[in-house]
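In what follows, a single structure is set out as structure tokens and then discussed.
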Amino acid sequence: MAKKKRRTNDALATNNKARYNYAIAETYEAGIELTGTEIKSVRASKITIGDGFVQVRNGQAWLDNVHISPFEQGNRFNHDPLRSRRLLLHKKEIDTLQAAVAQQGKTIVPLRVYLKHGFAKVLIGVATGKHNYDKRETIKKRDQDRDLHRTMKKRY
């Protein structure tokens, strides 16, 4: 049986809690600097970005606290699962991110990891933390949309 080919931009990992816990203002696409065994694990969807965050240090953007499982056939060349990984962004984008984080209450969170033309990309967002009442409003809106979709589906 033929193996199903992955479409371009299919998410390998998503951070579902990010849009619930944060209000996303802007998004950026960044490449990730990975080792050989890391990219093999990412292609197998062995990546978790739920607790991840981005820091700007020494003029470079770094992806921290993202877990990429060790490659099973990696032997002694395997990587550290929680190491910091450099994000590949333009200098202007890094400066914009650094200025955004300098504001009180802003952070940068990874939203999605996907492959684009064979390269691993991460979608990062400049975010502000939501309060509990904002989260309740999000749940309420999601339930209303679900009910509306359900009633429209019954009509046709």
Side-chain angles (χ1 to χ4, degrees), residues 1-34 38-56 61-71 81-156:
M1 183 179 288
K3 195 174 187 180
K4 184 180 173 185
K5 190 168 182 170
R6 188 183 309 273
R7 292 182 314 181
T8 302
N9 290 351
D10 275 353
L12 300 171
T14 56
N15 189 352
N16 296 326
K17 285 286 192 178
R19 295 200 188 270
Y20 177 73
N21 289 329
Y22 300 101
I24 308 297
E26 307 178 64
T27 59
Y28 295 93
E29 180 183 67
I32 314 173
E33 188 177 279
L34 299 172
E38 284 177 328
I39 189 62
K40 290 180 180 188
S41 292
V42 168
R43 287 177 192 268
S45 298
K46 304 276 177 132
I47 180 171
T48 307
I49 61 172
D51 296 330
F53 59 94
V54 177
Q55 286 184 333
V56 178
W62 294 89
L63 183 64
D64 291 325
N65 210 21
V66 170
H67 187 275
I68 298 178
S69 297
F71 187 58
L82 286 174
R83 77 175 184 91
S84 294
R85 293 161 181 95
R86 189 163 65 117
L87 294 180
L88 307 174
L89 290 163
H90 291 284
K91 186 67 175 170
K92 287 182 180 178
E93 291 175 329
I94 293 173
D95 292 341
T96 306
L97 289 174
Q98 193 166 16
V101 173
Q103 296 176 7
Q104 189 66 28
K106 298 271 186 174
T107 187
I108 309 168
V109 292
L111 302 173
R112 215 164 52 107
V113 175
Y114 53 93
L115 293 176
K116 185 173 182 181
H117 305 295
F119 296 104
K121 302 285 185 179
V122 62
L123 185 69
I124 58 175
V126 178
T128 307
K130 284 186 182 178
H131 295 286
N132 282 336
Y133 54 84
D134 292 331
K135 293 177 187 178
R136 285 192 294 269
E137 193 67 33
T138 303
I139 293 171
K140 184 178 174 183
K141 185 179 182 310
R142 186 175 56 212
D143 289 342
Q144 288 174 346
D145 290 344
R146 188 180 303 127
D147 291 341
L148 179 67
H149 181 68
R150 194 175 294 143
T151 57
M152 293 302 286
K153 189 175 180 182
K154 287 181 182 178
R155 280 189 172 174
Y156 297 108

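We use all heavy atoms of the structure for the numbers below, so side chains are in, but hydrogens, waters and symmetry mates are not.
- Between the side chain of R43 and the backbone N or O of G118, at least one donor-acceptor pair lies under 3.5 Å.
- Residue-environment remark: OH (Y28) exceeds the threshold of 12 foreign heavy atoms within 6.0 Å.
- The backbone N or O of R19 sits less than 3.5 Å from a side-chain atom of K130, completing a donor-acceptor pair.
- Listed by chain and number, the residues in a ring-ring contact (aromatic ring centres under 6.0 Å, His included) with H149 amount to none (sequence neighbours excluded).
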Quiz prompt | Verdict with reasoning, T27 to I124, per side-chain contact (heavy atoms from CB on, under 4.5 Å) | solution = CA-CA 6 Å; T27 59; I124 58 175; over 6 Å; no
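- Under a cut-off of 6.0 angstrom, the local environment of NZ in K135 is crowded, with over 12 non-hydrogen atoms contributed by other residues, nucleotides or ligands.
- With respect to R150 and D147, a salt bridge is recorded, a charged nitrogen being found less than 4.0 Å from a carboxylate O.
- E33 pairs in a salt bridge (charged side-chain N to carboxylate O under 4.0 Å, His left out) with only one of the listed residues (R86, R85, R83), which is R86.
- Taking the side chain as every heavy atom from C-beta outward, I24 and V109 approach each other to under 4.5 Å.
- Between R142 and D145 no salt bridge is recorded (no basic side-chain N to carboxylate O distance below 4.0 Å).
- At least one side-chain heavy atom of L34 sits under 4.5 Å from a side-chain heavy atom of I68.
- Within the 3.5 Å criterion, the main-chain N or O of D51 finds a donor-acceptor partner in the side chain of N65.
- The side-chain heavy atoms of L97 and L89, taken from C-beta on, include a pair separated by under 4.5 Å.
- Taking all atoms of both residues into account, the shortest heavy-atom contact from A13 to I49 is O-CD1, 3.9 Å.
- The shortest distance between side-chain heavy atoms of R146 and D143 falls below 4.5 Å.
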